[in-house]
Every structure is written in C-alpha cells, then in structure tokens.
There are 2 protein chains.
Amino acid sequence: MARAAGVSPTTVSHALNGKGTVRKETVERVQRVATEIGYRPSPIAQGLQRSRLGLLALVIRPFHSLDTFLPEGVDYFLRIAGAAGVTAMEHGYSLMMVDDPTRPGVPFSARAADAYIVTEPFENDPVLTMLSEQHIPFVTVGADPARRDEFITLDEGADQQAQLMITHLAEAGAQRIALVTGTDRNDWNLGSQRTLERWCAARGHEPLILSLPEVEGERAGEAIVDHFFAGERAEHPDAVFCLTGRHAAGVLQAATRRGIRVPEDLLLAAGSGSLQNRTSRPTVTTLNLRPEETAQRAVEIAVRLAEGERVEGPLSVPRATLDIRESTSRPPRG
Amino acid sequence: MARAAGVSPTTVSHALNGKGTVRKETVERVQRVATEIGYRPSPIAQGLQRSRLGLLALVIRPFHSLDTFLPEGVDYFLRIAGAAGVTAMEHGYSLMMVDDPTRPGVPFSARAADAYIVTEPFENDPVLTMLSEQHIPFVTVGADPARRDEFITLDEGADQQAQLMITHLAEAGAQRIALVTGTDRNDWNLGSQRTLERWCAARGHEPLILSLPEVEGERAGEAIVDHFFAGERAEHPDAVFCLTGRHAAGVLQAATRRGIRVPEDLLLAAGSGSLQNRTSRPTVTTLNLRPEETAQRAVEIAVRLAEGERVEGPLSVPRATLDIRESTSRPPRG
DNA sequence: CTGAAAGCGCTTACAG
DNA sequence: CTGAAAGCGCTTACAG
C-alpha cells in the first residue's frame, strides 16, 4: 500500500487514521489509492498492538448438556445470545458463541476473545478454572455453586425467583407444590431446589422434587406425571413447577392425555418459559427472567473487563417478574 | 515467559508447539512454568503471522430489516446460525454474527473474519460490494438478485421451492392461490413471486400477490385477510401461501376470527416455517428448507475460501421438502 | 509535513 | 539441542 501511494507506511497510517499531520493532498491520494486497490489495514495487526481484538465470547454452558447450539423451544438462552450480540455491537465489540473452550482442539480463535461471558456455569466449572488460570477476564451469569464469591458474577438470585413463583402458586390455592428441575448442577437448579425444600420444611411436609435431564425436553412429560401421580391420591401434587419451559410443555401434554385438567385439577408453571408456553392450551404461567437486560448487563461488564477496568460490588440480574397465564389462573379444586 | 523459564522465545515456541528439537527436560520445564504463570501464546500474534484468525462471520441480512438479532418465531435463520456455529467449530473456526459491516463505527473485529457468509443478500447489496472491493472472501446463501453470477453463491432455487408448494396446493384442490411475500428485495421473495406469476399466467388469471414487511410478523394477518377477502366472493383465493411462518400464523388467526375455516374454506401454507406452525390449530403446512444442511455447506465453502482454496461450479442449498400438515390436508370446499 | 526506527508477541528459517 | 535474526502488518513516539 505504502509503495502504491508512493509514501511511507507511517504516512499511510496517519492519513487513514487522521492522526499526526499530513498534507491534505497526500491524505486524499492515500485514500484514493486505498479504495482503488481495496486496501484495508489488517485488523489482526491492529489488534496486536492494542493487544485487543474487540471480541467477546459467550459461553452458554447449558448448551453443552443440551448438546446443541440451537435447542428448539429454549428461548431464554437464545434471547441472551441475541441481546448480547446487539449490545456488544453497540459497544464496539463483536460477539462469538463458543462451546467449551477447555476442550482440546478448540478453534484457536475461541481463545482470542478479550473477555468471556459464561452463563449458568456448573459446579466447579472447568471453564471458569481455565479462564481464571490463564488470567482471561470473564463474568458469569449465575454463580458457580461451589465457588460463589470467587469470581465476578451476575447473581441471578435463584432463590428469590423460585420463591416468587412458589408464592404465586400458593396464593392460587396450591397446597402441595412439586418441583421439576434439570440435572445440570448450576445455581438455578440447586437454588430453586433449596428454596422449595425450605418452603416445604416450614409447612412440615416432604418436598416433592424430581430432577430430569434438560435435554429430554417435552419427552419428559410422561415420566414426570407418572412419578408424581403414581401413588395415592392424597399424595398427588396440586401444582407442578418446572424450571424449564419444555418440561412444563411436556407435563401439560401428559396431564391432558390422562384427563388431569389444567388449571382445574393441577396448577402448572414454568421457570424459564418459551414460545410454546405462550401459545399452548391453556397458556402456561412463567417467570419473566428478562434475558435481554441480563445480557446487556453482562456485556457491559465484559467490556469493562476487556478494557482493563476493575469491576466490583455485588452484581445481579434484573429481578424476575411473573407472567401469569391460564395455567394458574383459576383456583384448583373448585 | 521466556525469561521465567530461563530460555529463549524460540525455545518456548518450540517446546509448546512440539516443533524443532528440544531436550525433553527443557520441554517439561517450559510447560511447567507456562501452567504455573498461566501463560498462553497470544492468538492475535499467532494470527498475525498466519494472517488468519480462524474466525468466520455470519451476516443474516433479513435481521437487518427485522431490526433484531433475535426475532421471535423466526426459526430458519436461528437454525442457520446454530448449525453454522457448530460446523465452524468442527472445522477449527469460530463464528461470530455481525450485522451490517458497511456501517461506520462497526466493531473493527467485525472486519477481522477470515471469510464471510451472507444469507439472503438484498438486490445490489452494499455488503457484498464492500466485501468484494476489499477482497474479503465470502459466500452468499441465496443470490443477489441483481448480480446473479458475480459472486460465489449457494443458490437456493427459490423458484423450485415455490413451485413445490404451489403444486402441492393445487393437488390439494386450490384453484386460486394467493401469495404473500416480504418486502426485502432478495432472491427468495422475488423468485417466489416470479414463480407464482408464471403459474397464474399459464392458467390465464391474474396473480394474487401481496408484499408486506417481514417485520410485521403475525400482526400482518388482519391486513392480509382484509386484502384478499375484501372483494366479491368469486375473487377470493382458496389458498394462501405466505413465505414467512409468522405471516402464515397471522393469517390463521385472522381467518379463524372471521369464521373462515382452515383447511375447509381455505388452504394455508408457509414457506419458511417455525415452531408456531407446528403447534397451532390446525397445524400449518410448511416447506422444510433444511437450514442445518444449508449452514453446513455454507461454512464448508467459507472455510475453503478462508484457507485460500478456489471454489467453483454451481453450488446449491439442499432441495426443500414438504412438511404437509393439517392446514392443507383436507380438500377445500368439500 | 514526512519517514526511519522500535515495538506489539509470536514463529520460522538459519547459524552455532 | 539452543538462540539471534528476521518478519507477520500495523502504530506510535521521535527526528529531521
């Protein structure tokens, strides 16, 4: 490029970046030649000397157990991804989704991010261990349950979120609330479980809890209904709270198939809902976890970390709200 | 790092990459020190000299008019994105989603990709112009309608795809098929329109076609039904083919609201379907565009381009198939 | 106003 | 077996 314009590399750089002082005609000539030959400064070379690429990485840990980058009917994480991409762009960064960067053979670009966002890390998550050991800045959405205060974390307040739904179900008349969690050992599953146990303990009855792999999705419906409605009638729950929208959709189908009416016989709710919970018959009450705002906060923190700022203080996701729908809208049993 | 291990940078490089010949003990010491101090070679510096970062960029042009990275109920592109991410990873690349890289102020990382995939480019798309001028390798999914053979393109065969659905509707008894396209000037909208026009011409009647912004989604349903069912009864279509699943979902709702029964009074089909078309009542017939395979092909081409290989010959997406559902399953009008 | 020099953090011939 | 030198493509002091 320098040769093509008949000037030094220094002058090219100055001209193209508006730095230093360059005669106006020289600037124009350099620009003209640049567009003529389709020259653009190498972002890699530029990155080298800023030692920053303007790249953020998003690791959605639950996708690892779901074994896909595009689980159907799992809105929450896709909305996180979409919003994170947009927010990153607004801050002058790009965002890439990567799977598990600790695996051997990962694209080496996966390690080129300036900062990482890790959502729903597992207990003692090796991804966090690696990032931490290699001094790569990162923020997690939801704590590593085993290392709660060790890393920079947007606390998701799983306890509060579960409590919100449990209170709603109780107010709608539920006496025995069953909880269906996933099997990933993350703060969302573990925290919700703790919360229901506490609630049941306060009422002096045994908690009804079932943990099934997230990946089973709606297929898990039959197993869930079998499990809770097998024994004596007095033992049956009058409300089921599934942490995932797909489990809830499955329960709705399985219950309907057996003549268990929602919400007349059974209240039904989901933690992280999805499209199908809004369109099923009846529609299903869910938590609104506000993934867009969560992503926004996470990206803002990641950007600050990427730029070498310190980030302190207790951080948290926006407070969840209830999207009350038909599945909990009529008092059960009458 | 070199100093910490008491050797030269050359030896560090050799030891860590298993190149050259280094004494076994030296290798071990270097490795030990590396993990101790959390050293990792800078991917940027490595990228500089390979002049490649292992990064692919995906530009989903329709998102630009939809004005979001996460349109709800638009499966096709998200499935493209998910599958592209996975396939990229299998080839040792990461994938980032970028919006319009021609805008001023884009993250400079957005220009750091080794190759681009651009889905559904617009007519005379400036993104393609820029990539082409800057000699950045790219592949499009769907042609730029104005520059059909100028770039490396996975042809989507919009004509064939539309023909497939039209034939199905006709076989199901449709006499007058109305087409609803989006307003983006891409090959999918324009090609489908051409195909319906040809079909109508062969039958000697005027084509019923309405173009409405993709972004209106289900809200467009009322307008569509208003438009086609305003005039005399003889002029009403007996089948509506919406290119987007959201338009189709809207038509279903609006029709139902007016007592137009699907499929008894009206056959309904969508081009690129989504979850809601599979779960609505009745379920809606769609094309299966096989986005996962499309993404896979696109990524494979992008990787070859990134690695400097030539790519030739007519390329195309996998052939669409029909997902026939209730909305076209009974002969209309008895 | 312009350019030679040094440096960003690596790797790859090449010499010892 | 190890390291000094050159180079990947830029930018940023600094000298002229």
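A, B, ... follow the sequence lines: proteins, then strands. Residue 1 opens every chain. All values reported here derive from a predicted model rather than from experimental measurement.
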Applying side-chain contact (heavy atoms from CB on, under 4.5 Å) to B:Asp100 and not counting sequence neighbours gives B:Arg61, B:His64, B:Thr102, B:Arg103, B:Val127
Nearest to the side chain of B:Ser42 - C:dC10, D:dT2, C:dT2? C:dC10
Report yes if some heavy atom in the side chain of A:Phe138 is under 4.5 Å from a heavy atom in the side chain of A:Leu305; otherwise report no. no
Contact check, side chains of A:Tyr116 and A:Pro101, non-hydrogen atoms, under 4.5 Å: yes
Taking only N/O atoms, report every protein-nucleotides 3-6 of chain D pair under 3.5 Å with atom names and distance.
residue	atom	partner	partner atom	Å
D:dG3	OP2	B:Ser8	N	3.2
D:dG3	OP2	B:Thr11	OG1	2.9
D:dA4	N6	B:Thr10	OG1	2.5

What is the distance, rounded to the nearest whole Å, between atom CD of B:Gln46 and atom C1' of C:dC10? 7 Å
Using a cut-off of strictly less than 4.0 Å, decide whether A:Arg23 has a side-chain nitrogen or oxygen near OP1 or OP2 of C:dT2. yes
Looking for any heavy atom pair under 4.0 Å, which part of the strands does A:Arg40 touch: base, sugar-phosphate only, or nothing? sugar-phosphate
With a sphere of 6.0 Å drawn around CZ of A:Arg290, does it hold more than 12 non-hydrogen atoms of other residues, nucleotides or ligands? yes
Once you round to the nearest 0.5 Å, how far does CE of B:Met97 lie from CD1 of B:Ile80? 11.5 Å
Sub-4.5 Å side-chain heavy-atom contact between A:Val311 and A:Val139: no
Starting from C1' on D:dG9, measure out to CG on B:Leu48 and report it in whole angstrom. 6 Å
Does the A:Asp114 side chain pair with the main chain of A:Arg52, one donor and one acceptor, at a distance under 3.5 Å? no
For DNA chain D, whose closest nucleotide is more 5', that of A:Asn17 or that of B:Arg29? B:Arg29
Starting at atom CZ of A:Arg3, determine the distance to atom P of C:dT2, rounded to an integer number of angstrom. 20 Å
Output field dot_bracket for DNA chain D (Watson-Crick or G-U, both distances under 3.5 Å, | for other-strand pairs) contains |||.||||||||.|||
Quick one: is A:Thr26 getting a side-chain N or O under 4.0 Å of the C:dC1 phosphate, OP1 or OP2? no
What integer distance in Å separates A:Lys24:NZ from C:dC1:P? 11 Å
Rounded to whole Å, please give me the gap between CD1 in A:Ile44 and P in C:dG9. 16 Å
Roughly how many Å is it from CZ in A:Arg111 to C1' in C:dC10, rounded to a whole number? 16 Å
Over 12 non-hydrogen atoms of neighbours within 6.0 angstrom of CZ in B:Arg185: no
Determine whether the side chains of A:Thr10 and A:Ser13 contain a donor N or O and an acceptor N or O closer than 3.5 Å. no
Rounded off to whole Å, could you give me the CD-to-P distance for the A:Glu28 and C:dC1 pair? 13 Å
Rounded to the Å, how far apart are A:Leu53 CG and C:dG9 C1'? 14 Å
